[in-house]
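Below is one structure, written out as structure tokens; comments come after it.
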Amino acid sequence: MAGAAIPETMCAMVLTGHGGPERLEWRQDWPVPRPARGEVLVRITACAKNNTDRKVREGLYSTAGDDTVTSFAMAGNTLSFPRIQGADVVGHVVAVGEGVAPDRIGERGLLDFNIYPDARDDLNLAPDYFGHGADGGFAEYGCFPSDQFHAIANPALSDAELATLGMCSWQTGYRMLTSAGVAAGEHVLVTGASGGVGTALLQLCRVIGAIPHAVASPGKAAALHALGAQTVIERGAVTDWPGAAWAATGGAPIDAVMDLVGGEMTVPLIQTMCRDLRRRATPPRLSIAGASAGNVTALPWTLIYLNQVRIFGVSHGTRAEARQLIAWIRENRLRPVLAGTMPLSKLPQAERLFAERSRDFVGKLVIIPDSVIG
């Protein structure tokens, strides 16, 4: 290992088991990791909060449609306790492991949060990630693969702003679009549009030339229009989804739905895409990457097969998609949406704030180590 003197211990917020925020334990004596071959040691300066932090803590990743407490287990049962959560890591390289060029020391970077199952560029069917299968960013230091800690200079972006561009939300959003084959000129309906993935989707639609229409709670329209939403539909005011979408697009079909909500909204949104199929140029497509309104939906399969609806489940993206996102960040094509910052020692309070998101909460909440705040 090369680099400046590294402390033996650090502050970290450690998840000790499934449950509420009380399962997060503040430690000031946690060992600082040392980089293995191919790794960099990062002094962490910012780490964005994601909904998956809460869902893993509460054990909400059952795929059986019941209330079984389980972690994200697509790559197997890789979650063990204690675990440092936090996927969207920003910081500065302070030491390197064997095989990593010493000139990387001092780089500011953003982590591609995936623990990939293999070297494939275009497929990631057994995903895992830092903050779940290995320690993440809710600490003062962390070790990560050198080829996944991407240097981002961009001096106009603060570390907290850069963390809002982290892969957990942006790669999920981009994968939703690529899975559904969304193309320039198509009308896309985005549910849960004010959250991390939703705000990413609005911007990504504009980057690829698609036309996004946002669905969100009241009070967020101005912020979502500023991020690229063509129209904003207040979800609580809608009783007729096909009619609301028709009004939003001026009579053009909704080509694809990017659904982050699930529950009772999913079927009406599919019905929205199936209105007047003769006018469509492509089959109706739904990408789903969340179930905040309910994990179980009664789905009439006749609606799906008679209308040739294509459904894409999305959890993580690919190495190639991560590289594209990093390129767009370096080109300043993606705009950070920072809802606020909180110190690492207050993470349990941040968890509660995140769960209770108010009407003016748009974007990402970022956690900053207390030592960085000073």
Side-chain angles (χ1 to χ4, degrees), residues 33 35 38-53 84-97 100-101 103-116 124 127-175 196-197 199-201 203-204 207 316-339 341 344 363-369 372:
E39 292 184 337
V40 292
L41 175 66
V42 175
R43 186 175 78 86
I44 297 165
T45 54
C47 186
K49 280 262 325 119
N50 290 287
N51 202 38
T52 190
D53 301 325
I84 297 171
Q85 293 185 284
D88 289 332
V89 178
V90 170
H92 302 259
V93 176
V94 294
V96 298
V100 181
D103 61 7
R104 293 209 58 185
I105 293 173
E107 278 184 358
R108 180 180 78 156
L110 172 66
L111 179 68
D112 172 2
F113 76 126
N114 289 280
I115 301 174
Y116 292 103
N124 183 10
D128 201 356
Y129 60 94
F130 289 94
H132 180 272
D135 284 342
F138 292 149
E140 292 181 310
Y141 292 88
C143 286
F144 308 106
S146 61
D147 63 344
Q148 289 179 226
F149 192 73
H150 297 278
I152 307 284
N154 297 42
L157 285 177
S158 70
D159 289 1
E161 289 173 327
L162 180 56
T164 71
L165 302 176
M167 296 295 105
C168 189
S169 291
W170 287 85
Q171 196 189 41
T172 299
Y174 191 35
R175 184 64 177 173
V197 181
T199 54
L201 276 163
Q203 294 192 57
L204 289 168
V207 168
H316 287 217
T318 66
R319 293 178 185 272
E321 288 162 346
R323 287 198 304 273
Q324 177 61 81
L325 289 165
I326 292 295
W328 282 336
I329 293 170
R330 289 171 175 161
E331 294 165 5
N332 292 309
R333 298 188 67 185
L334 307 181
R335 173 183 165 186
V337 187
L338 180 61
T341 63
L344 178 60
K364 301 300 288 281
L365 180 64
V366 174
I367 305 303
I368 310 291
V372 173

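Not measured: the values here are computed from a predicted model.
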Does any part of the side chain of Arg175, heavy atoms only, come nearer than 4.5 Å to the side chain of Thr318, both counted from C-beta?
yes
Can you measure from CD (Gln148) to CZ (Phe130) and round to the nearest 0.5 angstrom?
6.0 Å
Specify the closest pair of heavy atoms between Pro369 and Ile367, including all atoms of both residues, with the distance to one decimal.
CD-O, 4.1 Å
So, do Trp170 and Ile329 sit near enough that their side-chain heavy atoms are less than 4.5 Å apart?
no
State, yes or no, whether a side-chain contact exists between Val366 and Glu161 at a heavy-atom distance under 4.5 Å.
no
How long is the straight-line distance from CG of Leu162 back to CG of Asn154, given to the nearest 0.5 Å?
7.5 Å
Gly317 backbone acceptor or donor facing Asn124 side chain under 3.5 Å:
yes
Minimal non-hydrogen separation, Ala200 against Ser169, with atom names:
CB-O, 4.4 Å
Between Gly363 and Ala339, the two heavy atoms sitting closest are C-CB, 4.1 Å
Looking at every non-hydrogen atom in both residues, tell me the closest pair between Ala87 and Phe113 and how far apart they are.
O-CB, 3.4 Å
Apply side-chain contact (heavy atoms from CB on, under 4.5 Å) to Val337 and Thr164, showing your working.
CA-CA 6 Å; Val337 187; Thr164 71; 5.5 Å; no
Should the pair Phe144 and Phe149 be assigned to parallel (<30°), tilted (30 to 60°) or perpendicular (>60°) ring geometry?
parallel
d(Leu111 CG, His150 NE2) to nearest 0.5 Å is 8.0 Å
Take atom CZ in Arg319; do more than 12 heavy atoms of anything else shown fall under 6.0 Å from it?
yes
Decide side-chain contact (heavy atoms from CB on, under 4.5 Å) for His92 and Asp159; before the verdict, give the C-alpha distance in whole Å, the side-chain angles of both, and the deciding distance to 0.1 Å.
CA-CA 10 Å; His92 302 259; Asp159 289 1; 3.3 Å; yes
Distance-only donor-acceptor check, side chains Gln171 and Asn114, under 3.5 Å:
yes
If I compare all heavy atoms of Val100 with all of Val96, which pair ends up nearest, and what's the gap?
O-CG2, 3.6 Å
Closest non-hydrogen atom pair, Val89 against Cys47:
CG2-SG, 4.2 Å
To the nearest 0.5 angstrom, please state how far the CD1 atom of Ile44 sits from the CD1 atom of Ile84.
7.5 Å
Exactly one of Leu365, Ile368, Val372 should register a side chain to side chain contact (heavy atoms under 4.5 Å, CB included) with Thr341. Which one does?
Ile368
Holding to salt bridge (Lys or Arg N to Asp or Glu O under 4.0 Å), I want the full list of residues that pass it with Asp112, two or more places apart in sequence or in another chain.
none
Does Arg104 use its side chain to pair, donor to acceptor, with the backbone of Ser146 at less than 3.5 Å?
yes
Are the side chain of Asp88 and the backbone N or O of Cys168 linked by a donor-acceptor pair below 3.5 Å?
yes
Calculate, to the nearest 0.5 Å, the distance between atoms CZ and CG belonging to Arg333 and Leu325 respectively.
11.5 Å
Qualifying salt bridge (Lys or Arg N to Asp or Glu O under 4.0 Å) pairs with a residue from residues 135-157, counting only residues at least two apart or across chains
Arg83-Asp135
Could you state the interatomic distance from NE2 (His132) to CD (Gln85), rounded to the nearest 0.5 Å?
9.0 Å
Tell me whether the centres of the aromatic rings in His316 and Tyr116 are closer together than 6.0 Å.
no
Checking Arg108 side chain against Pro155 main chain: does a donor-acceptor pair fall under 3.5 Å?
no
